[in-house]
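The structure under discussion appears below in the form of structure tokens.
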Amino acid sequence: MKILILGADGYLGWPTCMYFSDLGHDVYALDNFSKRKIELEFGINSLSQNYNIVQRIEEWNKNIKKKINFYNCDLLNHRNLYSILERVRPDAIVHYAEQPSAPYSMHSREAAVFTQYNNVIGNLNLLFGIKKYCPNTHLIKLGTMGEYGTPNIDIEEGWLNIEHKGRKERILYPKKPGSFYHLSKVHDSNNIEFATRNWKIRCTDLNQGVVYGIETEQTKKNEKFFNTSFHYDDIFGTVINRFIAQAVKKKNLTVYGSGNQRRAFLNIQDTLNCVRISAENPPQEGEFRVFNQYTEQFSIDELADIVISAAKSNGIQIKKEKLKNPRTEMEKHYYNPKNESLIKLGLKPISFNETLASQMISKVLKYSEEIHEKFFKPKVKWVE
Ligand SMILES: NC(=O)c1ccc[n+]([C@@H]2O[C@H](COP(=O)([O-])OP(=O)(O)OC[C@H]3O[C@@H](n4cnc5c(N)ncnc54)[C@H](O)[C@@H]3O)[C@@H](O)[C@H]2O)c1
């Protein structure tokens, strides 16, 4: 397969490039380094990454027949994007290239506008490019479970069958996202559904849970070169990764609000598996297929308990520290999202437990010096 990976410098993009390359596919990688720019603005750094993407690809390509190619391209520059699509004509496109931070999107008007412009228009440019240059390609688009919010009914996989006044219809699942970032993904989904219906292109929208983890089979081959980025800060850090960094620094785990909020999670290795399974099983022409890409649900409190026990087994004594919730979200709610599709297609989920948390702590301990405690506490509030 010729596979184009958008957002290849990111937390998920880089491991995805190595994963597909290892499987023998032709990998084309693309990024515009916009995340690096936001890191600079906020003075934050990811842990554990010593080399930039050009150096990492050079090192990876030394031992591989089919070399990864890299393009420095902004999805907002449609001409540049078109010329790449025309040249590569990929069989599949994995689209990660969006601003992925909810707190960043809630930071200011400028940040909200950037997030929605970057994500929605970048995705729209891609759709037009696909229509023009590679209408048969399979677009594998990363959405998020956060698009749904926490409705008081079961969350289906993207679509809902309804009956209204005696008539039936299949509609896109009504969404109630909790940030301008999550909203950008909802807008993307609507645009993609229209494009598949109108132009007969094919797409899998992966509504992904919160990803955790620091290593994959490929990063382990040469940690120094192949590690992916690992954020523990209040802007890009996801909750499990942040708890692990806090444990490493022997700091209490900062739980927002009551900690009863339930969310969907998956291991970074499972992200790769899910994307591969989707690529190997493309949807029909004109189909907008949605998978809920998560493997387990936890409340934030439950996650903190697991990390606290794992820390204890590493000789670290910490506890929970409840903070006033900076976000506008329900803290007690029904939560029952479906996720059968990827399991039916063969996904064998990895479980988050004390052993795995303990392994993560051991790994992150190596980077302890690079962790700055000032980034643990949330600074962006949903309502000032
Ligand atoms: N990490 C998670 O827990 C998680 C959960 C659910 C969904 N997602 C989604 O998965 C995708 C990847 O997430 P991630 O954590 O790897 O994010 P990331 O920020 O680490 O990676 C995204 C990459 O895309 C690039 N990018 C952004 N805008 C671009 C543009 N206009 N043109 C070219 N490149 C651009 C960035 O420079 C960055 O390297 C995102 O779309 C995110 O919303 C992530």
Side-chain angles (χ1 to χ4, degrees), residues 4-17 28-42 44-47 49 52-53 56 70-78 80-81 84 93-105 114-126 129 139-148 177 179-189 192 205-214 216 228-233 235-242 263-268 270-272 274-275 291-295:
L4 175 62
I5 296 165
L6 313 177
D9 187 38
Y11 173 54
L12 303 177
W14 170 238
T16 307
C17 291
Y28 299 82
L30 176 155
D31 208 289
N32 72 340
F33 308 113
S34 56
K35 183 183 191 180
R36 303 281 172 189
K37 202 168 149 238
I38 298 174
E39 287 174 356
L40 280 174
E41 269 172 42
F42 284 80
I44 50 185
N45 264 330
S46 96
L47 294 185
Q49 220 174 27
N52 67 42
I53 193 167
R56 276 181 270 142
F70 179 71
Y71 299 105
N72 176 1
C73 168
D74 188 337
L75 296 191
L76 296 178
N77 181 341
H78 72 277
N80 198 355
L81 174 63
I84 293 166
I93 300 176
V94 182
H95 179 14
Y96 292 120
E98 299 205 330
Q99 191 300 101
S101 161
Y104 177 77
S105 77
F114 171 77
T115 301
Q116 294 218 350
Y117 190 79
N118 183 64
N119 296 2
V120 178
I121 306 304
N123 183 60
L124 209 47
N125 285 343
L126 179 63
L139 171 61
I140 301 170
K141 165 70 170 52
L142 269 290
T144 137
M145 287 300 294
E147 289 179 48
Y148 297 111
S179 76
F180 288 119
Y181 152 67
H182 291 102
L183 269 156
S184 74
K185 297 284 196 186
V186 177
H187 303 325
D188 285 345
S189 297
I192 298 172
D205 201 7
L206 295 173
N207 284 336
Q208 179 169 246
V210 184
V211 185
Y212 66 87
I214 188 163
T216 68
T228 192
S229 57
F230 182 90
H231 276 272
Y232 61 91
D233 54 81
I235 298 293
F236 289 116
T238 49
V239 59
I240 298 182
N241 291 356
R242 179 163 46 81
R263 295 291 181 268
F265 295 86
L266 76 164
N267 188 284
I268 188 167
D270 276 341
T271 293
L272 307 185
C274 291
V275 170
F291 293 157
N292 290 345
Q293 178 168 308
Y294 81 92
T295 57

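What you see is a predicted model; the values in this text were computed from it and never measured. Read the numbers this way: they start at 1 and go in the same order the structure lists the ligands and their atoms.
- Regarding atom 34 (N) of ligand 1, its nearest protein heavy-atom neighbour is N32 OD1, 3.0 Å.
- Residue contact check: L142 has heavy atoms under 4.0 Å from atoms 10 (O) of ligand 1.
- For atom 38 (C) of ligand 1, the candidate residues are I240, L12, I5, D31; the nearest heavy-atom contact is made by D31.
- Remark: the backbone N or O of V211 is paired with a side-chain donor or acceptor of T238 at under 3.5 angstrom.
- The residues R56 and D9 are annotated as salt-bridged, a charged nitrogen and a carboxylate oxygen being separated by less than 4.0 angstrom.
- Ring geometry, F33 versus F70: the interplanar angle falls from 30° to 60°, so the pair is classed tilted.
- Considering backbone and side-chain atoms together, K35 places an N or O closer than 3.5 Å to an N or O of ligand 1.
- Residue G146 places every heavy atom at 4.0 Å or more from ligand 1.
- Annotation: side chain of V239 is in contact with side chain of F265 (closest heavy-atom distance under 4.5 Å).
- At distances below 3.5 Å, at least one donor-acceptor pair connects side-chain atoms of S101 with backbone N or O atoms of I235.
- Taking every heavy atom of F33 and a limit of under 4.0 angstrom, the matching atoms of ligand 1 come to 37 (O).
- Taking both residues in full, the closest heavy atoms of Y104 and E41 are given as OH-OE1, 3.9 Å, listed atom of the first, atom of the second, then distance.
- Taking atom 43 (O) of ligand 1 as the reference point, the nearest protein heavy-atom neighbour is Y181 OH, 2.6 Å.
- Remark: side-chain polar atoms of N119 are paired, donor with acceptor, to backbone N or O of Q99 under 3.5 angstrom.
- L12 places none of its side-chain heavy atoms less than 4.5 Å from the side chain of V275.
- Under a 4.0 Å criterion applied to the non-hydrogen atoms of K185, ligand 1 contributes the atoms 40 (C), 41 (O), 42 (C), 43 (O).
- For L75, a nitrogen or oxygen atom sits less than 3.5 Å from a nitrogen or oxygen atom of ligand 1, counting backbone and side chain alike.
- In summary, the atoms of ligand 1 found under 4.0 Å from a heavy atom of P100, numbered by their order in the structure, are 17 (O), 18 (P), 19 (O), 42 (C), 43 (O).
- With hydrogens and angles ignored, the 3.5 Å screen pairs no side-chain donor or acceptor of N292 with any backbone N or O of Q208.
- Nearest protein heavy-atom contact of atom 3 (O) of ligand 1 is V211 N, 2.9 Å.
- Taking every non-hydrogen atom of T238 and a distance limit under 4.0 Å, the qualifying atoms of ligand 1 come out as 3 (O).
- Looking at atom 31 (N) of ligand 1, its nearest protein heavy atom turns out to be N118 OD1, 2.7 Å.
- Of all atoms in ligand 1, listed by their number and element, those nearer than 4.0 Å to a heavy atom of G209 are 5 (C), 6 (C).
- When each atom of ligand 1 is checked for a heavy atom of D9 under 4.0 Å away, the hits are 39 (O).
- K141 contributes no side-chain N or O that, together with a main-chain N or O of K185, makes up a donor-acceptor pair within less than 3.5 Å.
- The heavy atom nearest to atom 27 (C) of ligand 1, out of those in S34, G213, P15, is found in S34.
- Atoms of ligand 1 lying under 4.0 Å from any heavy atom of Y11, numbered from 1 in the order shown and given with element: 1 (N), 15 (O), 16 (O), 20 (O).
- Closest protein heavy atom to atom 11 (C) of ligand 1: Y96 O, 3.5 Å.
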